[in-house]
J.: 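Attaching a single structure in structure tokens format; questions to follow.
Keep in mind that what you see is a predicted model, and the values were worked out from it rather than measured. First the proteins, then the strands, lettered A, B, ... as listed; each starts at 1.
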Amino acid sequence: MVKVRFAPSPTGYLHVGSARTALFNWLFARHEGGQFFLRVEDTDLIRSKPEFLEEIIASLKWLGLNWDNTTLEYQSKRLEKYRAKAEELLQRGVAYKDGEAIIFKVTPGQIISFDDVVHGPVQFNTLDIKDQVLIKSDGMPTYNFACVIDDSDFGITHVIRGDDHISNTPKQILLYQTMNLPIPKFVHIPLILGTDRSRLSKRHGATSIQEYKNAGYLPDAMVNFLSLLGWSPGGDREILPIEEIIKEFDLKRIGKTGAMFDLTKLSWMNSQYLQKMPIEQLLPLAKEALNAHGWLNGTLDPAWVAQVVELYKTRIETVEDFCKQTRGLFTDEIPFDPEAVALRLKQPGVAERLTKYAAKLEALPKWDTAGIEAACRALATELGLKAADLIHPTRVAVTGRSVGPSLFHILEVAGRDRTIPRLKSAASTLCAL
RNA sequence: GGCGCUAUCGUCUAGUGGCCCAGGACGCAUCCCUCUCACGGAUGAAACACGGGUUCGAUUCCCGUUAGCGCUACCA
């Protein structure tokens, strides 16, 4: 049975690159009906922090990457195991002691080769490999040593990890060989790159999964996007549900070249998921975000919020975007865009038009799009204007922006009590030339 | 520097010797829809790094060059 693992070290948040590694492991396990383990590599005493582990776990759960071990494995709890193994190597004379550290002797001139599942045959000469520290002076095992022992103990069949570990592989194989342990399959997946084609890091922008969650990206969109970085199901398909990704996932289809993290495409994909998401699912997310801004007071009618969401869902890329665009509807702080004000409000005759439209709207027997539109068109005809000459200033006066949904829908949703005062206020102040 | 990995439109990629004067998607441009912006629809510009082989025929196989990246810790 296929057994894979994701082994983060709790020295930082979950990076999108690591998340993608976790995802590929998970996808492979689910496709094969195998097992996916989570192991904590907390052997760096100084940098490991419990709060980092909590964040990593929260991120994995948010992405939906569930693991099969019921209790988490911590390397810090297996110290005796590593020490015993190192001691054994010491007894056999293949390792030596330097102070408190135990170091593995590398015999030069041997060829170490392995058949990488994505790269094919790879070779190294031990001439280029230095003696390897097994146990550090502080008594903790090093990565390469603990990793080999653990992968072997837990029966890991496929080591799926980033390309940056290719040069660790011969060091680990040397250890497998001298301890007489079966060697797993190695699957080195291409790195995720920043805009300058160096590996994605903080200086390129947001790299933690939590940041994307907070910005209003959807986990399904994130998983879909990440799965397509370095892997493709072949053909033209791009937006696929997770079941489909699992079904199609195949290590043989993993590419060899680094993939740039394209935020623009992620955003597009997120907007696609947002649009297709049923309102029952989208509404709670919108409410949560609104609430985080302190804009959701308890008296708001849920049906009304749903109406606003429906109106904006085709023009947002993230949930945060939704908040940004609808701020004027949920608060009285209208985010006036200076350019829009200059172009649409500070123009001759606009104040008068807005005042007249306000009067017409005030007299409307019923507040609905049809009535709002009829009033607009009637007034435009009366004044000898195009409807657009009334529509544009009104949109800016009410929402502060020159862009957005159909004006008549906006006004209906904004309601008479917001619309009329805003039109009057704009007419008396903002329109001043 | 040494060692290793990689090389198709700006980006993610399809392509495994002829189906490719290279297909899709994002982005970009134009048009349609239209009160603006989106959505949706249509069209367009845009790539096989270079040089040698192998072959009747190379994006696809081999070699080299160049370039990029990664590793080179008692970090993982």
Side-chain angles (χ1 to χ4, degrees), chain A residues 7-12 18 41-48 75 98-103 116 118-120 122-125 127-147 161-171 188 190-191 193 195-199 225 228-239 253 255-269 271-272 275 311-317 325 340 343-344 373 376-377 380 386-396 399 401-410:
Chain A
S9 69
T11 54
S18 306
E41 305 212 324
D42 54 347
T43 56
D44 185 331
L45 258 18
I46 327 160
R47 294 195 298 149
S48 295
Q75 290 189 325
D98 182 3
E100 287 305 301
I102 299 177
I103 301 171
D116 192 282
V118 343
H119 294 280
V122 183
Q123 274 199 355
F124 288 86
N125 191 316
L127 214 63
D128 300 311
I129 301 174
K130 294 187 209 162
D131 285 359
Q132 294 295 304
V133 174
L134 266 19
I135 303 288
K136 299 182 268 183
S137 299
D138 65 0
M140 300 302 275
T142 55
Y143 164 72
N144 280 321
F145 188 50
C147 184
R161 73 217 323 188
D163 262 359
D164 51 337
H165 284 291
I166 290 182
S167 39
N168 276 323
T169 307
K171 300 173 187 172
H188 288 103
L191 260 20
L193 277 23
T195 42
D196 61 356
R197 303 210 73 88
S198 70
R199 90 195 281 167
F225 176 72
L228 261 23
L229 249 34
W231 174 79
S232 149
D236 294 340
R237 290 178 300 163
E238 287 205 310
I239 294 194
R253 294 201 59 86
K256 296 178 166 87
T257 64
M260 200 182 277
F261 188 85
D262 184 359
L263 187 60
T264 311
K265 187 151 185 178
L266 201 215
S267 295
W268 166 79
M269 196 169 272
S271 72
Q272 292 292 308
Q275 271 179 62
L311 200 51
Y312 280 86
K313 69 190 277 190
T314 62
R315 57 203 95 218
I316 55 172
E317 287 185 336
Q325 291 188 36
L343 184 69
R344 302 299 188 188
E373 177 165 6
C376 172
R377 302 218 182 264
K386 286 185 291 182
D389 296 329
L390 207 46
I391 289 170
H392 293 306
T394 305
R395 183 183 284 104
V396 177
T399 69
R401 303 162 53 99
S402 60
V403 298
S406 154
L407 178 73
F408 311 122
H409 290 293
I410 290 180

J.: Give every pair of a protein N or O atom and an N or O atom of nucleotides 29-35 of chain B that lie under 3.5 Å apart, one pair per line with the distance.
T.:
{"unit_1": "B/rC35", "atom_1": "O2'", "unit_2": "A/H392", "atom_2": "NE2", "d": "2.8"}
{"unit_1": "B/rC35", "atom_1": "O2", "unit_2": "A/R395", "atom_2": "NH2", "d": "2.7"}
{"unit_1": "B/rC35", "atom_1": "N3", "unit_2": "A/L407", "atom_2": "N", "d": "3.1"}
{"unit_1": "B/rC35", "atom_1": "N4", "unit_2": "A/S406", "atom_2": "OG", "d": "2.2"}

J.: Stepwise, does the side chain to side chain donor-acceptor pair (under 3.5 Å) test hold for A/D164 with A/H188?
T.: CA-CA 8 Å; A/D164 51 337; A/H188 288 103; over 6 Å; no
J.: Would you call A/I410 and A/R395 a side-chain contact if the rule is heavy atoms closer than 4.5 Å?
T.: yes
J.: With both distances under 3.5 Å as the test, what is the Watson-Crick or G-U wobble partner of B/rA25?
T.: B/rU11
J.: Between the base of B/rC39 and the side chain of A/T314, is there a donor and acceptor pair under 3.5 angstrom?
T.: no
J.: Please answer whether the main-chain N or O of A/I166 pairs with a side-chain N or O of A/T169 as donor and acceptor at a distance below 3.5 Å.
T.: yes
J.: Counting only Watson-Crick pairs (N1-N3 plus N6-O4 or O6-N4) and G-U wobbles (N1-O2, O6-N3), all under 3.5 Å, who is the partner of B/rG17?
T.: none
J.: Please give the nucleotide sitting opposite B/rC50 as a Watson-Crick or G-U wobble pair, both distances under 3.5 Å, or none.
T.: B/rG64
J.: Is there a Watson-Crick or G-U wobble partner for B/rU36 with both distances under 3.5 Å, and if so, which one is it?
T.: none
J.: Taking A/S271 for the side chain and A/W268 for the main chain, is one N or O donor matched with an acceptor at less than 3.5 Å?
T.: yes
J.: Contact between A/T43 and A/P141 at the side-chain level, heavy atoms closer than 4.5 Å - yes or no?
T.: yes
J.: Taking A/E317 for its side chain and A/L266 for its backbone only, find out whether a donor-acceptor pair lies under 3.5 Å.
T.: no
J.: Between A/S271 and A/S232, which has a closest nucleotide on RNA chain B that is more 5'?
T.: A/S232
J.: Taking the nucleotide of RNA chain B with the closest heavy atom to each, which residue, A/G234 or A/S198, is nearer the 5' end?
T.: A/G234
J.: Paired with B/rG70: which nucleotide, if any, by Watson-Crick or G-U wobble criteria at under 3.5 Å for both distances?
T.: B/rC3
J.: Please determine if a side-chain N or O atom of A/K136 lies less than 4.0 Å away from the OP1 or OP2 oxygen of B/rA73.
T.: no
J.: Between the protein and nucleotides 65-67 of chain B, list the N/O to N/O atom pairs that are separated by less than 3.5 angstrom.
T.:
none

J.: Just wondering, are more than 12 heavy atoms of other shown residues or ligands nearer than 6.0 Å to CD in A/Q275?
T.: yes
J.: If you measure from the Lys or Arg side-chain nitrogens to the Asp or Glu carboxylate oxygens, is any gap between A/D389 and A/K386 under 4.0 Å?
T.: no
J.: Quick test: give all pairs of protein nitrogen or oxygen and nucleotides 5-10 of chain B nitrogen or oxygen below 3.5 Å, distance rounded to 0.1 Å.
T.:
{"unit_1": "B/rC5", "atom_1": "O3'", "unit_2": "A/H119", "atom_2": "ND1", "d": "3.0"}
{"unit_1": "B/rU6", "atom_1": "OP1", "unit_2": "A/H119", "atom_2": "ND1", "d": "3.0"}

J.: Checking base pairs now: Watson-Crick or wobble, both atom distances under 3.5 Å. What partners B/rA42?
T.: B/rU30
